Asker: 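My questions will all concern the structure given below.
Values below: all heavy atoms of this structure, side chains included; hydrogens, waters and symmetry mates excluded. Every chain is numbered from 1, with letters handed out A, B, ... down the list of sequences. Owing to the predicted nature of the structure, the values given are computational and were not obtained by experimental measurement.
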Number of protein chains: 2
Amino acid sequence: MAERVGVAMNDESVTNGGRAKARNGDSRPTLKTIAFMTGLGVTTVSRALKDAPEIGEETRRRVQLVARQVGYRPNRAGVRLRTGKTNVISLVLDTEEQIMGFVSDIIYGVSEALAPTPYHLIVTPYSRLNDPMEPIRYVVETASADGIIISRTERDDPRVRYLMERGFPFATHGRTDMGVVHPFHDFDNHAFALEAVRKLAELGRRRLALLAPPSTLAYHYHTVNGFSDGLIETGATAIPFNAVSIDGSINQIRTRTAELMRRKNRPDGIVSSAGAATLAVVGGIEDAGLSVGRDIDVVSKQSTPLLHLFRPALLVVNEDFRLAGRELARSVLGWIDGADPATLQSLSVPQGVKGVGE
Amino acid sequence: MAERVGVAMNDESVTNGGRAKARNGDSRPTLKTIAFMTGLGVTTVSRALKDAPEIGEETRRRVQLVARQVGYRPNRAGVRLRTGKTNVISLVLDTEEQIMGFVSDIIYGVSEALAPTPYHLIVTPYSRLNDPMEPIRYVVETASADGIIISRTERDDPRVRYLMERGFPFATHGRTDMGVVHPFHDFDNHAFALEAVRKLAELGRRRLALLAPPSTLAYHYHTVNGFSDGLIETGATAIPFNAVSIDGSINQIRTRTAELMRRKNRPDGIVSSAGAATLAVVGGIEDAGLSVGRDIDVVSKQSTPLLHLFRPALLVVNEDFRLAGRELARSVLGWIDGADPATLQSLSVPQGVKGVGE
DNA sequence: AGGTCTGTCTGTAACGTTACAGATAGCTTG
DNA sequence: CAAGCTATCTGTAACGTTACAGACAGACCT
């Protein structure tokens, strides 16, 4: 048996005057409810709640008090229909993405940044095997979000071009190389690869291989360039990894690594751009009868501090994806709020190569 | 320079008659656009598009053709405001969740199931350190979704109680033990633990420890019961794990395991309920100077087939979280569509304990 | 012929919000 | 004292959709 709840109201069906028309207790309060309770017009209530200038101080306080009392929350559909503002950020994710939970870290990071705002996070999936433009077009055409966060950014990314043309707010995880200014957050992969090579050189390693991101992605180039710069600086030699990237399957990476390690001129140092891939690399090394830390050293990025449990001799550089999520969210929100995109770019600098326990 | 697009329309500001009022080419088409183009009323168009019965066959086809041509997509805000239907499913996630990407797998699974529907997925984060009811209340009170997916289900879960009372559609990841019928998807953790014990017994292991889920969660009990049943069946002995669950930190689990392994009556078999935790367990075992496969065997659940790369001797049982996501989505959608909740429960059966390469 | 039914189609109102264009009252100003 | 200002507050209309209550024609009965 339901208790009688709420304030008694004259639910007159006045169609034109409208002042007294209001819902009774059961459904959630609207502006009309508060208007009725305070004896004000809905317009006044609406403005009072958003601190508009032409509202009397006392009225404002009264309205806000009542609104708090009845637990008023603006109806998103109403706002959205009227203003076109969705209060939604769309995170576009590739469902082919492999293993290891950096995706959840990004999501949590974005959520964290969105929590104190009225924005909701909606996940828009796609498969990179199909058309990567499709989800972007969908969001823009149906205006289902106020901003978009993109990952797997390419050097010349059609999604970025499309969104720039339309002036639709977005931020990319990873920089592009298109000569256009847009918000992004990126990890400094050049610095990562450079420091990795330095570390390996320091350990006396001279023949280095790089397991890079797929060449379609922007940060492939940063990584490769950092690696090259490191080779030049240290005088070490590059041993090419045979047609495989961190996007390869576990088994593929493992096999290719084993092949590589059985060659005469095998590497004595490897730089790996992803934690999960590194597990496969180590598997391949050991398949070839060799041992990490003795025959070879491996420097790997990792997003979760687990690799040392695997092989204590591994060297790691941490990449914080939760931070990335936060920064990306801050960037899109900034753009939506009208900030200059040039000020919404951030780079996360690696904190150095670490051994076990460091 | 923008091309001239779209059909020329008389944008008369007829306020009452209304038939001819329509937008010109730039913004997205609405029912009014199609009504104008076909010469029909908006109501007719609306009904024709949803295959309502009282629309003539030819009219229906004509409307649908035009709609397709102009790329009509219903305005979500309009629908939502009018009908109260949000076409949104909320996935409520704990941001304290540790490591390893099973969260992304669930998200991808849910996305997959939602893709062919008009539903969007919104991620509603919370911290289990604060009030777990808060996100649920928020979604229900603001009617910001048509259905909710809950994880970290407890045996007697207040969220389930709350939602049942209000008849709000939801599905839980994990069963409850509350005597109420509600949709869920669960992995058969009883079977997992039972099979794990059997396998260990088969290998001659007699003193078994269990690293269980935290006792707040429903599947803690399934796991513990399966483990117990296995002990009874095989006559093996339980060695209690000292106050630690898979929710513990990596270091905590590692330390506790090492302590355990240094005791006189140390276990010669361990069952672990989570892949990430298992890495720590193995770390602890080796800290104590012992070796997996020789001094002890470990059976672990894993969501991503990576553990064998870590220690080939590990035994694993796979849990498919993408499948879980799909099933959870199907369950909520089913409830929303009015299906009997009793038919929306599913259990995923472990596919057996596997060694390397199996 | 008059009535009723059926198959199609129709306009109006409403969901909750905000932009806009006033309205009112009290004050100041010339 | 009229005119103008300022500080507050107001109602109406519109965003795009669907529920509802018809309206109209033609067919079918009696």
Asker: Nearest of C:dC9, D:dT18, C:dT18 to any side-chain atom of A:V79?
Answerer: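 Looking only at side-chain atoms, A:V79 lies closest to C:dT18.
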Asker: In whole angstrom, what separates B:R76's CZ from C:dT17's P?
Answerer: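 Roughly 20 Å, once rounded to whole Å.
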Asker: Per the side-chain contact (heavy atoms from CB on, under 4.5 Å) rule, which among A:V63, A:T44, A:V42, A:L40 passes with A:I34?
Answerer: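 Passing option: A:V63.
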Asker: Report yes if at least one side-chain N or O of A:K32 is closer than 4.0 Å to OP1 or OP2 of C:dC15; otherwise report no.
Answerer: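 Checking C:dC15 against A:K32, a side-chain N or O does come within under 4.0 Å of OP1 or OP2.
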Asker: In whole angstrom, what separates A:R60's CZ from D:dA7's C1'?
Answerer: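 It works out to 12 Å between those atoms.
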Asker: For B:S90, run the side-chain contact (heavy atoms from CB on, under 4.5 Å) check against B:D146, B:V332, B:T124, B:V140 and tell me which one passes.
Answerer: B:T124
Asker: Among C:dT18, C:dT12, C:dC9, which nucleotide has an atom closest to any side-chain atom of A:K50?
Answerer: C:dT18
Asker: Looking only at side-chain N and O atoms, does B:T59 come under 4.0 Å of OP1 or OP2 in C:dC9?
Answerer: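 Yes.
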Asker: At 4.0 Å (heavy atoms only), tell me whether A:P74 reaches a base, stays on the sugar-phosphate, or touches nothing.
Answerer: sugar-phosphate
Asker: Is there a side-chain polar atom (N or O) of A:T44 under 4.0 Å from OP1 or OP2 of D:dT10?
Answerer: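 Indeed, a polar side-chain atom of A:T44 lies that close.
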Asker: Can you give me the bend angle of the helix from C:dA1-D:dT30 to C:dG30-D:dC1? Use the axis through the first five pairs and the one through the last five, nearest 10 degrees.
Answerer: 60°
Asker: What is the distance, to the nearest angstrom, from the CG atom on A:L31 to the P atom on C:dA14?
Answerer: 18 Å
Asker: Would you kindly give the CZ-to-C1' distance between A:R47 and C:dG22, to the nearest whole Å?
Answerer: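 After rounding, the reported distance stands at 12 Å.
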Asker: Between B:R80 (side chain) and B:N87 (backbone), is there a donor-acceptor pair under 3.5 Å?
Answerer: no
Asker: Distance check needed: C:dT17 P versus B:R82 CZ, whole Å only.
Answerer: 16 Å
Asker: How long is the line joining CG of B:L81 and C1' of C:dC15, in whole Å?
Answerer: 4 Å
Asker: Between B:G56 and B:T83, who's closer to the 5' end of DNA chain C by nearest nucleotide?
Answerer: B:G56
Asker: Provide, to the nearest angstrom, the distance between the CD atom belonging to B:E54 and the P atom belonging to D:dC20.
Answerer: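 B:E54 atom CD is separated from D:dC20 atom P by 12 Å.
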Asker: Please step through side chain to side chain contact (heavy atoms under 4.5 Å, CB included) for the pair B:E327 and B:R330, ending with a clear verdict.
Answerer: CA-CA 5 Å; B:E327 288 296 320; B:R330 277 167 29 97; 3.6 Å; yes
Asker: Among C:dC9, D:dC15, C:dT17, which is the nearest nucleotide to the side chain of A:Y72?
Answerer: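 Of all the options, the side chain of A:Y72 is nearest to C:dT17.
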Asker: Picking from C:dT10, C:dT18, D:dC9, which would you name as closest to the side chain of B:T43?
Answerer: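 Of the options given, the side chain of B:T43 lies nearest C:dT10.
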Asker: Ignoring hydrogens, what is the shortest heavy-atom contact between A:A48 and A:R60? Give both atom names and the distance.
Answerer: O-CG, 3.7 Å
Asker: Rounded off to whole Å, could you give me the CD1-to-P distance for the A:I55 and D:dC9 pair?
Answerer: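 Between P of D:dC9 and CD1 of A:I55: 6 Å.
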Asker: Could you walk me through whether A:V45 and A:T38 pass the side chain to side chain contact (heavy atoms under 4.5 Å, CB included) test, one step at a time?
Answerer: CA-CA 9 Å; A:V45 173; A:T38 55; 4.2 Å; yes
Asker: Between A:S46 and C:dT18, does any side-chain N or O lie under 4.0 Å from OP1 or OP2?
Answerer: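 Answer is yes, contact under 4.0 Å.
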Asker: For the side-chain contact (heavy atoms from CB on, under 4.5 Å) test, which of A:T117, A:I336, A:I122 pairs with A:I89?
Answerer: A:I336
Asker: Is a side-chain donor or acceptor of B:Y108 paired with a backbone partner of A:D94 at a separation under 3.5 angstrom?
Answerer: yes
